[in-house]
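Here is the structure we will look at, set down as structure tokens.
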Amino acid sequence: MSKDKSQKTVQTTGHAWDGDLQEFNNPLPNWWLWAFYATVVFAIIYWILYPTLPLGDTYTKGVMNDITYTTEDGKTVTTHWNTRALFEKEMQEARQAQAKYVEQLSQASYQQIQADPEQTGFAFSMAKVLFADNCAACHQTGGNGVMGKYPNLIDDAWLWGGSFEQIEHSIREGRQGNMPGFKGQLSQEQISNVSAYVLSLSDHDMDTGEVERGKQVFDANCAVCHGEDAKGKPSMGSANLTDSIWTIVDVPGAASTEAQKEAVMKLVRNGVAREMPGWKERLSDTEIKILTYYVHEMGGGN
């Protein structure tokens, strides 16, 4: 038998180029064909079971793919499979998984939460979301606040007090932070003198004569809110003027001593009005407790 006859003949398409170059017609491997057929069958089943084909202004909803979930306000919804329903279902399952820990937090005292690493971890993970959704717009994501507008929550200088109870009251009821302007009561010289005195309280080098005269103006007009020692009163939300922490006037950012003094004079002259809304109508008692704990630990408490 010749060598050519012993070899398997390869089928060609009949196309040839230059006499010797031929186009073979090799069949596809069986595994590839069966895989292709399987994808076709899968696609047909998927078209039947899930929302797939457009029909005018609607689409096929599929069969045997209902999803039932309970919304956050307790409403039960049953609908065909879709990504939104799947998301709502997963959120329901997450709330159910969290319910045990939320219940523990609602019953625990702040000191018990502090002493339990598991409760602390859960409180922080939940509080970060609450803070981002409700507080970060003013106090910023990291709690740094905005100079002149919203207090810094991480510097341990608490205008209204830094205990758990005081912070909870601030969140629940809100705060009104108002300082009247004195441009109608004090002369320009008096405003200059009292500003020099205020700066001297935090070790700024000011004219001795101005400081002495400014103390008299302070005692007569400012001590009632800021205290005779100028360390502020948490019951009134008045700032401590001796700690070098400036929440409204950007004294550290001023380029010179005169610029620092002018910044303080502007505040004394015009005053300031700030308001923090209360959240008791929007947040639950447990959410307020979790936020209180988070803010307390963010700034070091008392």
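Keep in mind the model is a prediction, meaning the values are calculated, not measured.
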* Asked: Please, which pairs that meet side-chain hydrogen bond (donor to acceptor under 3.5 Å, both in side chains) have at least one residue in residues 132-146, sequence neighbours excluded?
  -> N134-R282
* **Cluster link I44 to Y59, ILVMFWY, side chain under 4.5 Å** => no
* Structure fact -> Heavy-atom closest pair (R274 atom, N178 atom, distance to 0.1 Å) is N-OD1, 3.6 Å
* Note, V264 side chain near W246 side chain (heavy atom, < 4.5 Å) -> yes
* Do the non-hydrogen side-chain atoms of W158 and I167 ever get within less than 4.5 Å of each other? -> yes
* **For T78, all residues meeting side-chain contact (heavy atoms from CB on, under 4.5 Å), sequence neighbours excluded** => D66, T68
* All ring-ring contact (aromatic ring centres under 6.0 Å, His included) counterparts of Y150, not counting sequence neighbours -> none
* Asked: Roughly how far apart are W279 CH2 and C135 SG, rounded to 0.5 Å?
  -> 6.0 Å
* To do: Report whether I245 and L153 are members of the same hydrophobic cluster (ILVMFWY, side-chain heavy atoms less than 4.5 Å apart, transitive linking).
  => no
* Asked: Which atoms form the tightest heavy-atom contact between Q107 and Q112, and what is the distance?
  -> O-OE1, 4.3 Å
Using distance only, find each side-chain donor-acceptor pair of residues 224-241 under 3.5 Å and give its atom names and separation, not counting sequence neighbours.
from : atom 1 : to   : atom 2 : distance (Å)
H226 : ND1    : A239 : O      : 3.0
D229 : OD1    : K231 : N      : 3.1
K233 : NZ     : V224 : O      : 2.9
S238 : OG     : C225 : O      : 2.7
S238 : OG     : K233 : N      : 2.7
S238 : OG     : K233 : O      : 3.4
N240 : OD1    : T242 : N      : 2.8
N240 : OD1    : T242 : OG1    : 2.7

* Structure fact -> In terms of heavy-atom contacts, A223 and D219 come closest through CB-O, 3.8 Å
* Only one of K289, H296, E168 clears side-chain hydrogen bond (donor to acceptor under 3.5 Å, both in side chains) with Y110; which? -> E168
* Asked: Of all heavy-atom pairs between G143 and F131, which one has the smallest distance, and what is that distance?
  -> CA-CZ, 4.1 Å
* To do: Before accepting this row, confirm whether a basic side-chain N of the pair E173/K280 lies closer than 4.0 Å to the acidic partner's carboxylate O.
  => yes
N/O donor-acceptor pairs under 3.5 Å from side chains in residues 191-208, not counting sequence neighbours:
from : atom 1 : to   : atom 2 : distance (Å)
S192 : OG     : E210 : OE2    : 3.0
S192 : OG     : K261 : NZ     : 2.8
N193 : ND2    : E189 : O      : 3.3
S195 : OG     : I191 : O      : 2.7
S195 : OG     : M265 : N      : 3.4
S200 : OG     : Y197 : O      : 2.5
S202 : OG     : L199 : O      : 3.3
S202 : OG     : H204 : ND1    : 3.1
H204 : ND1    : L199 : O      : 3.1
H204 : ND1    : S202 : O      : 3.4
D207 : OD2    : G209 : N      : 3.1
D207 : OD2    : E210 : N      : 2.9

* Within the distance-only criterion (no hydrogens, no angle test), does the side chain of Q92 pair as donor or acceptor with the backbone N or O of T70 below 3.5 angstrom? -> yes
* To do: Apply ring-ring contact (aromatic ring centres under 6.0 Å, His included) to W32 and list each qualifying residue two or more places apart in sequence or on a separate chain.
  => F36
* Asked: Say you draw a straight line from CD of E281 to CZ of R172; how long is it, rounded to the nearest 0.5 Å?
  -> 10.5 Å
* hydrophobic_cluster_shared for L53 and V41, side chain cutoff 4.5 Å -> no
* Using a cut-off of 6.0 Å, state whether more than 12 heavy atoms not belonging to E72 lie near its atom CD. => no
* Got a sec, which residues hit ring-ring contact (aromatic ring centres under 6.0 Å, His included) with F24, two or more places apart in sequence or on another chain? -> none
* More than 12 heavy atoms of other groups within 6.0 Å of Y69 OH -> yes
* Asked: Are I248 and M276 connected in the hydrophobic side-chain network, where two residues link if heavy atoms are under 4.5 Å apart?
  -> no
* Interatomic distance, I171 atom CD1 to T292 atom OG1 [nearest 0.5 angstrom] -> 3.5 Å
* Mind checking ring-ring contact (aromatic ring centres under 6.0 Å, His included) for W47 and listing every partner two or more places apart, or none if nothing turns up? => none
* Asked: In the hydrophobic clustering that connects Ile, Leu, Val, Met, Phe, Trp and Tyr at side-chain heavy-atom distances below 4.5 Å, which members other than F87 occupy its cluster, ordered by chain and number?
  -> M91
* **Under 3.5 Å: donor-acceptor pair, side chain of E103, backbone of A99** => no
* **Residues, nucleotides or ligands: over 12 heavy atoms within 6.0 Å of D73 CG** => yes
* With ILVMFWY side chains joined below 4.5 Å, transitively, what does L159's cluster contain besides itself? -> W160
* **L49 side chain near N65 side chain, heavy-atom distance below 4.5 Å** => no
* To do: Please assess V272 against L267 for the test side-chain contact (heavy atoms from CB on, under 4.5 Å), listing each intermediate value before the final yes or no.
  => CA-CA 7 Å; V272 67; L267 175 62; 4.0 Å; yes
* **T52 side chain vs I48 backbone, donor-acceptor pair below 3.5 Å** => no
* Asked: Between Q185 and F182, is there a donor-acceptor pair closer than 3.5 Å when you use the side chain of the first and the backbone of the second?
  -> no
* Could you grab the distance from atom OG of S163 to atom CD of E165, nearest 0.5 Å is fine? => 4.5 Å
* Where do A85 and I67 come nearest, in terms of heavy atoms and distance? -> O-CG2, 4.0 Å
* Taking only residues two or more places apart in sequence, or in another chain, which ones meet L55 in a side-chain contact (heavy atoms from CB on, under 4.5 Å)? -> T58, T60
Which atom pairs, one a donor and one an acceptor, fall under 3.5 Å between side chains of residues 118-130 and the rest of the protein, sequence neighbours left out?
from : atom 1 : to   : atom 2 : distance (Å)
Q119 : NE2    : D116 : OD2    : 3.2
T120 : OG1    : I113 : O      : 2.6
T120 : OG1    : D116 : O      : 3.1
T120 : OG1    : Y293 : OH     : 3.2
S125 : OG     : G121 : O      : 3.4
S125 : OG     : F122 : O      : 2.8

* To do: Using atom types as modelled and distance alone, determine if a side-chain donor or acceptor of N82 lies under 3.5 Å from a backbone N or O of H80.
  => yes
* Asked: Just wondering, are more than 12 heavy atoms of other shown residues or ligands nearer than 6.0 Å to NZ in K183?
  -> no
* Can you find a heavy atom in the side chain of K100 that is under 4.5 Å from one in the side chain of Q104? -> yes
* Asked: What closest approach, in Å, do V249 and A263 show between heavy atoms, and which atom pair accounts for it?
  -> CG1-CB, 3.3 Å
